[in-house]
Amino acid sequence: MFANLSDHRKGLLLTTFGGLVLSMDIPLIRLSSGEVWSVLSARSLATVVVALAALFLIRRVTGSVRGVLPGWLGILVGFFYGLTTISFILAVYYTTAANVVFIIALNPMFTALLSWIFLKERPALSTFVTMAVMILGVGLIVGDGMEGGHLLGDALSVLASFSIACAITISRAYRRDMGFASLLAAILPAAVGLYHVAPSGFSIDNPGWILLDGGVLMPLSFWCLATGTRFLSAPEVAMFYLLETILAPIWVWLIFAEAPTNMTLAGGAILILALAAHSLWQARVKARAALATQDLAHCK
């Protein structure tokens with residue numbers, strides 16, 4: 001059934017599922033009640049083990065893994081995915097969950113700019129307007145973070161957002177399956193985490209949660225979102241990371257009763273409304289263009 005879908009619908013299904021699964025990341029990190037470097041290394045090691053096991057099975061079934069490995073450029077993509085993981089996990093410990101996910105909502109803006117610079121895909125005027133509004137929203141969140149002592153965590157969130165935008169843009173330019181690049185990229189954060197953990201050992205009160213996160217949910221999410229770049233434009237894929245922006249604060253509020261500050265809510269509302277308005281406008285423009293194309297075909 002999946003094979004009969006158009007490429008665009010395949011991309012939408014993959015990225016929607018990936019974004020929904022990704023929204024559980026922060027709650028599971030918090031539920032594990034672990035020290036930051038222990039969580040980083042355990043989560044990443046679980047992802048690496050799953051990726052290697054999947055490659056082993058593919059090799060046994062097909063006789064080769066060449067078709068699923070992304071090539072040398074995948075190393076660069078993997079570096080940015082690894083950097084995203086490191087900065088994201090650290091940000092979770094240095095600022096509030098809402099701040100992290102709202103600031104990461106800058107991802108589509110960064111992706112649009114990088115696509116314009118490197119892929120020559122010039123954003124529409126509506127995209128520039130949306131970017132300006134988003135900067136205002138993030139400014140409110142970061143300003144509130146400076147007063148609350150969360151500036152480092154907010155800065156790490158910006159770095160995570162930019163890194164994932166770099167990974168998405170390169171993946172889109174290369175137009176190959178980068179699913180395993182995103183999974184094997186966990187080697188980098190695993191190594192960084194183990195370096196800090198080695199002297200004292202792991203410290204995680206509830207390791208089951210972080211193993212579920214790194215061994216099941218993150219491989220599914222990363223693979224779906226990374227593979228989505230084969231079927232959708234880079235800015236479109238970036239939009240689906242925003243499902244975490246909307247849902248993660250809700251899960252954290254329900255589980256931990258951690259309510260965002262009024263300024264964070266205001267900035268987050270600006271971000272979400274700006275992106276929603278932009279998406280609706282783009283859908284309307286595409287519908288008009290499709291209708292115009294049909295009319296032109298009828299006239300001929």
Side-chain angles (χ1 to χ4, degrees), residues 21-53 75-104 107 142 145 148-164 166-167 180-223 225-226 241 244 248-249 251-252 255-256 258:
V21 174
L22 187 64
S23 72
M24 291 304 301
D25 190 18
I26 292 178
L28 291 177
I29 290 172
R30 297 280 296 275
L31 283 168
S32 69
S33 300
E35 181 267 334
V36 58
W37 298 113
S38 298
V39 166
L40 177 65
S41 54
R43 177 182 181 270
S44 302
L45 282 171
T47 301
V48 171
V49 169
V50 169
L52 293 176
I75 296 175
L76 181 59
V77 173
F79 168 78
F80 282 113
Y81 276 119
L83 181 60
T84 298
T85 297
I86 295 170
S87 51
F88 175 81
I89 296 292
L90 290 175
V92 170
Y93 281 81
Y94 286 104
T95 189
T96 65
N99 280 33
V100 174
V101 294
F102 284 145
I103 292 174
I104 286 180
N107 174 14
V142 173
H150 301 147
L151 182 59
L152 175 59
D154 292 349
L156 287 165
S157 301
V158 173
L159 177 59
S161 180
F162 181 75
S163 297
I164 197 65
C166 290
F180 275 97
S182 66
L183 300 184
L184 294 173
I187 293 172
L188 176 60
V192 172
L194 287 173
Y195 173 80
H196 289 87
V197 165
S200 57
F202 286 91
S203 177
I204 305 176
D205 293 341
N206 303 301
W209 292 116
I210 207 63
L211 292 177
L212 171 64
D213 189 29
V216 179
L217 299 188
M218 289 307 98
L220 276 174
S221 175
F222 288 163
W223 185 85
L225 289 165
Y241 281 85
E244 183 182 28
W251 307 146
V252 170
I255 299 170
F256 304 103
E258 180 185 290

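The model shown is predicted, which means the values in this text are computed figures rather than measured ones.
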Quick one: does [X]'s side chain get under 4.5 Å of [Y]'s, heavy atoms only?
X      : Y      : value
Leu45  : Leu194 : yes
Ile89  : Pro189 : no
Ile164 : Phe88  : no
Leu152 : Leu156 : yes
Ile29  : Ile210 : yes

For side chain to side chain contact (heavy atoms under 4.5 Å, CB included), just list the numbers for Ile255 and Arg30, CA-CA rounded to whole Å, side-chain angles, deciding distance to a tenth of an Å, and then say yes or no. CA-CA 10 Å; Ile255 299 170; Arg30 297 280 296 275; over 6 Å; no
Locate the shortest heavy-atom distance separating [X] from [Y]; write the atom from each residue and the value.
X      : Y      : answer
Trp223 : Leu183 : N-CD2, 4.3 Å
Ser38  : Gly201 : OG-O, 4.0 Å
Val197 : Phe202 : CG1-N, 3.6 Å
Thr95  : Ser157 : CG2-OG, 4.3 Å
Ala185 : Gly78  : CB-O, 3.0 Å
Ser182 : Phe222 : OG-O, 3.3 Å

Sidechain-backbone polar pair: [X] side chain, [Y] backbone, donor-acceptor under 3.5 Å:
X      : Y      : result
Ser41  : Trp37  : yes
Ser221 : Leu217 : no
Thr47  : Gly214 : yes
Ser87  : Leu83  : yes

Could you give the distance from [atom1] ([X]) to [atom2] ([Y]), rounded to the nearest 0.5 Å?
X      : Y      : atom1 : atom2 : answer
Thr84  : Phe79  : OG1   : CZ    : 9.5 Å
Ser161 : Ile104 : OG    : CD1   : 6.5 Å
Thr85  : Ile187 : OG1   : CD1   : 12.0 Å
His150 : Ile103 : NE2   : CD1   : 11.0 Å

Applying side chain to side chain donor-acceptor pair (under 3.5 Å) as the test, list every pair that has at least one member in residues 202-216; sequence neighbours left out.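 Residue pairs with at least one partner in residues 202-216: Arg43-Asp213.
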Looking at Phe256, I want to see if its CZ is surrounded by more than 12 non-hydrogen atoms of other residues, nucleotides or ligands under 6.0 Å.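 Yes.
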